[in-house]
Amino acid sequence: ECSGKCGQTGVQKRTRSCLSDRLWGVHCNEVMEEGRLCIGHVCSGCNITCPMGRDVTLHGKVSLEDGSPADNARVYLQADNLKLLTTADNKGTFRIPGVCPDGKNTLKVKKAKYITAAITVPETNRKNLALQVHPDDKARRVGQSVSLCCNAVGTPAPDRYLWYHNGSLLDPSMYRYKNNLILKNLNREQAGEYYCKAVSDGGSAKSQPATLSVIGKQEAACSSQPQSHLIRLPHDCFQKATDSFYYDVGKCPAKTCIGKLDKGLRCKDNISYCCGVSKMEVREIVCDGYTLPTKVAVECGCKKCTETKITVRGRATAVDNGEPLRFGHIYMGNKRVSMTGYKGTFSVHVPPDTERLVLTFVDRLQKFVNTTKVLPFKENGGAVFHDIKLLRKKAPVTLESTETSVIPLGEKEDDDPIAELEIPPDSFYRKNGEPYRGKVKASVTFLDPRELSTAPVTQSDLNFVDDEGDVFPLRTYGMFSLDFTDEQGTETLNAEDVKVHLDTAQVRMPEHLQEMKLWSLNPETGLWEEEGDFNLEKSRRRRREERTFLVGNMEIKERRLFNLDVPESRRCYVKVRAYRSERFLPSEQIQGVVISVINMEPEPGYSSNPRAWGRFDSVVTGPNGACVPAFCDEQNPEAYGAYILASLGGEELEAVPSAPKLNPNAIGVPQPYLNKLNYRRTDHEDPNTKKTAFRINMAKPSPNSADENNGPIYAYENLRECEEAPYSAAHFRFYRIEGDRYDYNTVPFSEDDLMSWTDDYLAWWPKPMEFRACYIKVKINGPQEVNIRSRNMGGTHPRTIGKLYGIRDVRSIRDPEQRDVSAACLEFKCSGMLFDQDRVDRTLVKVIPQGSCRRESVNSMLHEYLVNHLPMATNNDSSEYTMLAPLDPLGHNYGIYTVTDQDPRIAKEIALGRCFDGTSDGTSRIMKSDIGVALTFTCSERSAAEQSLFEAQRNLGQQSIRVPPRESPKQAEARGLAPKHP
């Protein structure tokens, strides 16, 4: 044996003995021992250590100058002493397990009579750093201590953490931190924003910032004074004191405050404390002939935060024809968390402390490209609806593995492809590294940015993390998904030495030619990671004239989704708000609206392609609207454009019109800045076009212009200014026509902000993590549409009996097929446990049609249920109907529709859809007046002098002083309202 260790030089010895000396006494004169140099045994892969924490198997091929295989060539690892790793076979191929892909290992290939070749093991299989734990917002008093924590994972793992306070690095030698930062004996100067930065040889990653509030030892944890919060009153409740139909009930903003602290320092406080309502008072609002009770916040204090659930819902469908993704799998990272239904609908619970929700939609039938989306959500609880668009896979074509194959990317009748893939002969190999010979089925699907309709299909949110850990946007020139299988379609194949030829004629911005890179999508983080650069080459392709191409090399292995992108630094934010009506009142803003922006290329005459989009982004409105990112330009106002649209629950909201004349007050942006932005709603030129989006020039605000420094466009570095902008600052607007309905709660609550929930016996919704919506279907026989009210009071609970929970008004909808029939779906407060979960209350519900109406019939099954579930409400007045609401969810056979959800708006939307449809599992937006009815009334025609409450509301406008005709207490009582106190 060789005395040398693995891969090292040693001596191989052999000895011999002289038999003649022992047998016959004759001495031998020959050498008794011989030796020669040797190399120790071949090193196994496990002897090569990898600081990256993950080894790979290296596959290679050695060829001679004439292309013939270099059989028996020896492959060494360069170290202090050469280490023999393996020998090439008769085809010149070799396989080395356990190689570290850190870009630092060098191999030397030797063959007798040939010059030694040296190659570096390419850097691959790197897993970029990603933050898994982010620091939390915390509040402390002067002199207390706090611990802020973060944690990152990646390959290589982070070797150090850096902490920053208000953007300045904290001295590691002074604070002695690692991934947790401990601050003791706090003072006010230490308040502010903190974030951590994880660093490794593979790059950096930054956490989301956390806010540390520090107040004095005796200072109140929250401001005790409530903020103003206006609620809209009924049509017959005009307030002369304020000259309006609004009443200030106050609110307490749910910000982090200082409660009872745990012993010891923790990364996350065991109990979260928020500012909230600590004291409420009952006020009697004087209306026309009756009084309306309401509870007003009079004092704020620090209390346990309201626990809420965060959900994303939606529908996944094909972008070309709306075909649903049926029973598709939904992954969060490597974990399957949900499935789509038969109609493509889905619901995913968002885990606590999630900063970035990344979901991947996988079609088990392989009709659609696997789609990774970064979905914004409501951080304060509730549900957001997302419409997921999927790209259909291209039908596979058959390739010969032994021949060169060229696949175009972006085929258009009137234009050249954006790029082409070139796959050389013998490039395909199996997952175990063995070369593949035979026919290959190839499906290459390209997302062409020259087609505006494909923008919503954009994978992820087109962001990457640079070497400093900062997130930057990308501008795409196209994405492509690759699937290679064997001829039977049963085995996935990899491919190496694949070339991408990008036509430079498709890149209209010269600076992008130098910045173009090839990227692949990390489905776990939703971030794009660099695969390689491009080089300029001139060539003739497909017998065309000589053209210039950007050529990049790629290997197709685990990741199958690639992107032709350039980083773009010219960024701004656009301020957008959504409203419940065209009144655009601050109190009628809607949260949970998905605002999307499609970044368009410059207009003709500027240095880029006017036909293409470059980026797609989405954000969700909060209590102060939303700031949506978009590319912008300071020098040329028309250099970049953007289409902006909004949706809620899958329904598109309407933008403010731009024709026949711009109205700056309605749009929300003053002149002359509005003209510079060139606001145009999509129907500006064609009235038949949808009214649900608008286009603007992304003109970056000039710092020297006062008119341009109050919104709606904000420079990228002024994000906080955009997020905290007051209502009076310029912003763009969308609105939703919610129809003829009105809601009033005795205990004020915003269905958009679940943190505004108050633990009160008269709260309409008794649990903030579970919302149960109930509707009753009412049919009206009569020539006119009728307004119907439900008056909801405590029925059986001793704390609420006879007290008002709230009222609901709705207008019946005429049946398109029956002239003298209409119907309404009227909300009422469900029966059930109150907030303390101690005792059930059967809500006393009065259903009161407006005008001269007579009750004709009650659903027989509903009547039987109420008779069998005592007590039974009396019904002496034939102009209305009174019931103690059922505890059970019943269904369409009873004319009752009940849905429970973590979000009140979702629960109401689903229940309404079922009520309109008259079924317990369907949905419709067309009222079916003869199906699933609970109550039937016959109403006579109103006189011309009478006015419905909704007609009055519309005529009154925003701040009209017109007061409706007074009615007698008896009339008010007939309409189900309390008599006015003397």
Side-chain angles (χ1 to χ4, degrees), residues 131-152 158 160-198 206-227 251-279 297 299-308 351-355 379-381 623 720 723-724 755-756 758-759:
L131 267 296
Q132 284 192 330
V133 177
H134 298 258
D136 286 341
D137 291 346
K138 294 191 176 183
R140 296 291 187 268
R141 295 189 184 276
V142 170
Q144 292 182 332
S145 301
V146 69
S147 176
L148 301 173
C149 304
C150 71
N151 190 52
R160 67 187 186 279
Y161 289 85
L162 302 173
W163 283 90
Y164 294 79
H165 175 220
N166 290 336
S168 298
L169 176 66
L170 297 176
D171 187 350
S173 62
M174 180 183 297
Y175 290 91
R176 297 182 179 180
Y177 52 69
K178 292 185 179 178
N179 65 328
N180 65 319
L181 172 67
I182 296 176
L183 303 173
K184 297 183 177 180
N185 193 24
L186 287 165
N187 57 61
R188 291 181 183 273
E189 287 70 31
Q190 290 176 290
E193 275 194 355
Y194 289 83
Y195 68 87
C196 83
K197 178 179 176 181
K206 289 181 180 177
S207 73
Q208 294 293 325
T211 300
L212 174 64
S213 302
V214 181
I215 64 172
K217 293 182 179 180
Q218 304 302 321
E219 190 175 342
C222 300
S223 172
S224 61
Q225 184 65 33
Q227 295 179 356
K251 71 173 182 179
C252 301
K255 67 176 185 178
T256 303
C257 61
I258 305 164
K260 186 178 179 180
L261 296 180
D262 309 320
K263 291 183 178 180
L265 294 172
R266 301 176 185 272
C267 293
K268 186 176 183 64
D269 294 340
N270 273 350
I271 301 175
S272 298
Y273 290 89
C274 298
C275 294
V277 177
S278 59
K279 185 178 179 181
E299 189 176 305
C300 302
C302 192
K303 55 194 295 187
K304 291 182 181 179
C305 297
T306 301
E307 292 186 21
T308 61
D353 303 322
T354 299
E355 293 286 345
E379 296 180 2
N380 58 355
R720 171 159 290 187
E723 291 177 334
E724 299 177 355
M755 298 293 284
S756 68
T758 307
D759 50 352

Neighbour count above 12 (heavy atom, 6.0 Å) for Glu355 CD: yes
Closest approach of Cys300 to Lys251 (non-hydrogen atoms, all atoms of both residues): SG-O, 4.3 Å
Separation of Leu265 CG from Leu148 CG (nearest 0.5 Å): 10.0 Å
Check: Tyr161 side chain, Ala152 main-chain N or O, donor-acceptor pair, under 3.5 Å: yes
Test salt bridge (Lys or Arg N to Asp or Glu O under 4.0 Å) applied to Lys279 - qualifying residues, sequence neighbours left out: none
Check: Tyr164 and Glu193 side chains under 4.5 Å, non-hydrogen atoms: no
Donor-acceptor pair between Asn166 and Ser168 side chains, under 3.5 angstrom: no
Residue pair Cys267 / Asp136: nearest heavy atoms and the distance that separates them: O-OD2, 4.1 Å
Stepwise side-chain contact (heavy atoms from CB on, under 4.5 Å) test for Ile271 and Lys304: CA-CA 7 Å; Ile271 301 175; Lys304 291 182 181 179; 3.7 Å; yes
Distance-minimising heavy-atom pair for Tyr194 and Pro135: O-CG, 4.3 Å
Separation of Leu181 CG from Leu212 CG (nearest 0.5 Å): 9.5 Å
Donor-acceptor under 3.5 Å (Arg141 side chain, Glu219 main chain): yes
Geometric class of the Trp163/Tyr177 ring pair [parallel <30°, tilted 30-60°, perpendicular >60°]: perpendicular
Greater than 12 external heavy atoms within 6.0 Å of Gln218's CD: no
SG-SG distance Cys302 to Cys257 under 2.5 Å: yes
Arg266 side, atom CZ; Asn180 side, atom CG - distance, nearest 0.5 Å: 14.0 Å
Distance in Å, Gln208 CD paired with Cys150 SG, rounded so as to fall on 0.5 Å steps: 12.0 Å
Asp269: salt bridge (Lys or Arg N to Asp or Glu O under 4.0 Å) partners, not counting sequence neighbours: Lys138, Arg140
Closest heavy-atom pair and its distance - Leu162, Pro172: CD2-CG, 4.4 Å
From CD1 (Ile215) to CD (Gln144), nearest 0.5 Å: 8.5 Å
Heavy-atom donor-acceptor pair, Asp137 side chain to Thr211 backbone, under 3.5 Å: yes
Cysteines Cys275 and Cys222 with SG distance under 2.5 Å: yes
Flag, side chain of His165 to backbone of Ala191, donor-acceptor distance under 3.5 Å: yes
Contacts of Cys305 that satisfy side chain to side chain contact (heavy atoms under 4.5 Å, CB included) - sequence neighbours left out: Ser272, Cys274, Met755
Approximate separation, where rounding is to 0.5 Å, of Lys197 NZ and Leu131 CG: 12.0 Å
Heavy-atom check, side chain of His134 versus side chain of Asp353, under 4.5 Å: no
Side-chain heavy atoms of Lys303 within contact of Ser278, under 4.5 Å: no
